[in-house]
Each structure stands twice: as C-alpha cells, then as structure tokens.
Amino acid sequence: NDSRWLDDMLETQLLVLDDVGDEGSSVGCSALADLVLSRFNRKRRTVLTGNLTWQSFQTRYGDALADRAKASGVMPVLFGEKSLRRKAAP
C-alpha cells in the first residue's frame with residue numbers, strides 16, 4: 001500500500017533520487033521537498049542527482065531545502081546543466 005511505500009522511503013538509511021527537477025508539476029516539487037526535509041530531520045542520507053544548476057535548484061525547491069542539502073554535507077548533491085545522455089547532432 002502507499003503508506004508502507006512512503007514509510008520505507010522515509011526510513012531507509014540511504015535514498016538515491018535521480019533526475020531531480022523532472023517532477024513535472026508543483027505538486028511533485030512539493031512532495032519531493034517534503035520527503036527530503038523529513039529525511040533530513042530523521043538524519044537519513046539522501047543523494048540527489050539531476051541536471052539543474054545550484055541556482056535553479058534553489059529557485060525550484062526553495063531556500064529551506066537548498067540549505068539543508070548544503071548543510072548535510074555528507075552525501076553529494078550533484079547538479080549540472082549538461083546531460084551526458086544527449087548526443088550531439090551529426
């Protein structure tokens with residue numbers, strides 16, 4: 001059920017979230033922020049990867065989440081505008 005799935009995401013020791021910034025809606029952004037902030041408060045490690053710049057991350061998710069991601073300093077938060085999966089046009 002959904003409650004068990006969410007509990008697992010909140011309590012697992014390490015959670016890796018890929019393609020951060022690709023949630024597609026403000027509801028998705030809010031849910032991601034709530035999840036990461038809850039994990040931070042529980043002292044759970046979270047790794048975020050995505051193609052956002054740090055400034056874009058702050059704008060999209062707000063200062064509170066950006067501050068906690070930066071302050072945790074334990075696991076890297078990886079951001080960059082260039083995707084390695086995209087091939088240059090011939």
**Item:** side-chain contact (heavy atoms from CB on, under 4.5 Å) between M9 and L35, worked out
**Value:** CA-CA 8 Å; M9 286 182 37; L35 172 64; 3.1 Å; yes
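- In this structure, Y61 and L32 have side chains that are in contact, with non-hydrogen atoms separated by less than 4.5 Å.
- Between V20 and R60 there is no side-chain heavy-atom pair separated by less than 4.5 Å.
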**Request:** Test side-chain contact (heavy atoms from CB on, under 4.5 Å) on D63 and Q58 and set out the steps.
**Result:** CA-CA 6 Å; D63 292 334; Q58 285 179 293; 4.2 Å; yes
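- Judged purely by atom type and a 3.5 angstrom limit, R45 has no side-chain atom pairing as donor or acceptor with the backbone of V16.
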**Prompt:** What's the verdict on side-chain contact (heavy atoms from CB on, under 4.5 Å) for L10 and R42, showing C-alpha distance, side-chain angles and the deciding distance?
**Reply:** CA-CA 8 Å; L10 289 170; R42 287 177 167 83; 3.9 Å; yes
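- In this structure a side-chain-to-backbone donor-acceptor pair under 3.5 Å is present from R68 to A64.
- By the 4.5 Å heavy-atom criterion applied to side chains, T59 and W54 are not counted as neighbours.
- W5 and V36 fall within a single hydrophobic cluster, where Ile, Leu, Val, Met, Phe, Trp and Tyr are joined by side-chain heavy atoms under 4.5 Å apart, directly or via other members.
- Between S56 and T53, the side chains place a donor N or O and an acceptor N or O closer than 3.5 Å (distance only, hydrogens not considered).
- For the pair L17 and L15, the minimum side-chain heavy-atom distance is below 4.5 Å.
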**side-chain contact (heavy atoms from CB on, under 4.5 Å) between F57 and L65, worked out** = CA-CA 9 Å; F57 180 83; L65 182 61; 3.9 Å; yes
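- The backbone N or O of S26 sits nowhere less than 3.5 Å from a side-chain atom of S30 that would complete a donor-acceptor pair.
- In this structure the side chain of R44 reaches within 4.5 angstrom of the side chain of Q13, judged on heavy atoms.
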